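Predicted model, so just to flag it, every value in this text is computed and none were measured. Sequence positions, counted from 1, serve as the residue numbers for this chain. Hydrogens, waters and symmetry mates are skipped; everything else that's a heavy atom, side chains included, is used. For ligands, and for the atoms within them, numbers begin at 1 and follow the listed sequence.
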Amino acid sequence: MSHTLRLTMAQALVKFMTAQKVDIDGEILPLFDGVFAIFGHGNVAGVGEALYQVRDQLPTYRAHNEQSMAHAAIAYAKTHNRRRMMACTASAGPGSTNMVTAAAVAHVNRLPVLFLPGDTFATRQPDPVLQQVEVFSDHTITSNDCFKPVSRFFDRITRPEQLLTSLPQAMRVLTDPVECGPVTLALPQDVQTMAFDYPVHFFDEKVHRLRRQGPDQVELDEAITLIRAAKKPLLIAGGGVHYSGALKELDQLATRYHLPVGETQAGKGALPWDHAQNMGSIGVTGAASSNALSADCDLILAVGTRLGDFATGSRAMYNPDARIITINVGSFDAVKHKALPLVGDARLTLQQLHAGLEGWQPEGSWVEQAARLRAQWLHVQDVATTDRGTSLPTDAEVVGAVNRAAGEQDIVVCAAGGLPGELQKLWRTRYDKGYHMEYGYSCMGYEIAGGLGVKMARPDSEVFVMVGDGSYLMLNSEIATSVMLGRKLVLVVLDNRGYGCIHRLQQFCGGPGFNNMLDDCLTVEGGAPKTDFAAHAIALGAKGEKVGNIQELEAALERARASDITYVVTLDTDALVVTEEGGSWWEVAVPEVSPRSQVQEARARYETHKARQQQNL
Ligand SMILES: Cc1ncc(C[n+]2csc(CCOP(=O)(O)OP(=O)(O)O)c2C)c(N)n1
Ligand SMILES: [Mg+2]
């Protein structure tokens, strides 16, 4: 009996992928749910032929843009809390470099995607081939080297037998709670087609399980001592709470010890909005309640968060005298902000903290202050999201209408523009996966493609994609894919005729309206045309309509819900009005010298905030 199997490198790769399984609460499922592919020279003959052979176990999805198909793969993995994932293959050259931005999105957000870019010939015999970037001084470099800084693991498979050692490493990274992120295997097109006698056991089924690392006893004891000394604690919940599946543990800890909880963009939904300990979002686009508590607390327990500038108000928001404890599965994040690191899986660590805090509780007045601030913030949300009946609604009013239309198990998706701020402040998240925001890279063009990935992961949920005119125009190709695959989305396009949030930021920094809103740009006489987003979506095979106010939007959302294909509702919105309450300073550097007095004034404000920030460095 032969103990080897003669396969091409590409055939071995996809066969190996079909053997990878994951254990989710006792259910064994394929780890890779499919492959997004746009073929071209560099992957059609090798990888393409191999994918065809396994199409029944590992479906191939043809998308319309390499960057956006990878966004869909990212959103898919995020919706599955990194337990299930997709691969993306593209042709050598432009097809592959189109995926580099998406690799960065996956990298920043620590989400697993297997990137399989085609690469130039390893033999180099036909060099230079079509789409080959020639580096004069170094022939080992190809355009796929661009993936290196945005991959957690990179390899170029220049011989078929390299898979034997490379694929286990790739799987380690894709399934490791700390290192999790994009993996790139660059596949020279000739090597994809080369055969090798692979050992049969290489293709044995492998079941991956989430590794849970408990906290170190010394770090745990130190943390418990510190918390016991605190009177005014605040817990910050980040994305790690979701990925660890620590929702129940968070709820129990927060409830038992009356801990106020602020949620980051990635953490939102860790507690349902109506949980008594949920103080709303925290940070630059956070709730006034969480932010006020962060300025006054004596201890911050940061769980599963990178503590990025949006969560910390560029380090100027928290009480500089507060101690910070960081519960994080990775030491890289745990040591930030002069914190006491408590390295470990969030679920296990919260369980052990819970047990160790018996008998402790925060000061009564702190608990009361938190409850009061929470009630005030809920009132702000109510007011901001109520329809004022105008023909130019604010983003907040649209958020309110979509939130009311969304059911218990539905999901809102967003990434860039003014909407992430309004959504973070105002969206009432009913369950853990109800709020899908890509705000690690905040990549314009993630929204629609991301919605597709979410829908593929949760076909029974209605997926509401909220997107600005700018992001829509930047990358909308996957509307066609959503129609083609029958993965229905509801898109709400907020058309304020330009890059509204950047325009406001420009004004805040003392700048004149310049090159952001369409009316402030170089255009032909008569100005930039009015884009008909509904007609555009219809042209791609979706349904679409334009509405004139919130009341009409609510009615259109009903029709959108009833539709069985992707449905686009567009409306004009106010570019200037945003929710003033809540929020905090965000460091954006302002010119030190300028002939404009507005810039000089903005610079003076900037320096005041910088002074406060210094106390927290
Ligand atoms: C790929 C990418 N390019 C540029 C930016 C910088 N940027 C952030 S928001 C924004 C404008 C977004 O416009 P729109 O989608 O219309 O939303 P609005 O700001 O009007 O709410 C820009 C240019 C980005 N985040 N991503
Ligand atoms: Mg806009």
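Between Lys546 and Asp495, none of the side-chain N atoms (NZ, or NE/NH1/NH2) sits under 4.0 Å from a carboxylate O, so this pair counts as no salt bridge. For the pair Lys425 and Asp395, the salt-bridge criterion is not met [side-chain N within less than 4.0 Å of a carboxylate O]. Arg315 and Asp309 are not joined by a salt bridge, as no carboxylate oxygen comes within less than 4.0 angstrom of a charged side-chain nitrogen.
Here atom 10 (C) of ligand 1 lies nearest to Met444 when heavy atoms of Glu447, Met466, Arg497, Met444 are compared. Distances from atom 15 (O) of ligand 1 to the heavy atoms of Ser471, Ala415, Gly421, Gly417 put Ser471 nearest.
Inclusion of Gly498 in the first shell of the Mg ion (ligand 2) is supported: an N, O or S atom falls under 2.8 Å. Between the Mg ion (ligand 2) and Asn496 there is an N/O/S contact shorter than 2.8 Å.
Counting heavy atoms closer than 4.0 Å to ligand 1, residue Asn496 contributes side-chain atoms (C-beta onward) but none from N, CA, C or O. With a heavy-atom cut-off of 4.0 Å, Met474 touches ligand 1 through its side chain alone.
Summary of contacts: the protein heavy atom closest to atom 13 (O) of ligand 1 is Tyr499 CD2, 3.4 Å. Protein heavy atom in closest approach to atom 8 (C) of ligand 1: Ile502 CD1, 3.8 Å. Given atom 14 (P) of ligand 1, the protein heavy atom at minimum distance is Gly470 N, 3.5 Å. Here the protein heavy atom with the shortest distance to atom 21 (O) of ligand 1 is Gly418 N, 2.9 Å.
Side-chain contact, Ser482 with Thr566: a donor N or O sits under 3.5 Å from an acceptor N or O. In this structure, a donor-acceptor pair under 3.5 Å is present between the side chains of Tyr606 and Glu587. At a cut-off of 3.5 Å, with distance as the only test, no side-chain donor of Tyr472 or Glu447 sits close to an acceptor on the other residue.
For ligand 1, the atoms closer than 4.0 angstrom to any heavy atom of Cys501 are 9 (S), 18 (P), 19 (O). Against a heavy-atom cut-off of under 4.0 Å, Ser442 is close to the following atoms of ligand 1: 24 (C), 25 (N), 26 (N).
Across Phe115 and Ala70, no two heavy atoms sit closer than the pair CE2-CB, 3.7 Å.
Closest to the Mg ion (ligand 2) among the N, O or S atoms of Asp469 is OD1.
With Glu478 contributing its side chain and His64 its backbone, the two residues share a donor-acceptor pair below 3.5 Å.
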Run the ring pair (Phe, Tyr, Trp, His ring centres under 6.0 Å) test on His80 and Tyr76 for me, step by step, so that the C-alpha distance in whole Å, both residues' side-chain angles and the decisive distance to 0.1 Å come before the verdict.
CA-CA 6 Å; His80 276 299; Tyr76 179 88; 4.7 Å; yes
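For the ligand labelled ligand 1, residue Ala575 lies outside the 4.0 Å heavy-atom shell.
Between Gly500 and ligand 1, at least one pair of N/O atoms sits closer than 3.5 Å. Distances between N or O atoms of Asp469 and those of ligand 1 include at least one value under 3.5 Å.
Between Glu263 and Leu271, the closest side-chain pair of non-hydrogen atoms falls below 4.5 Å.
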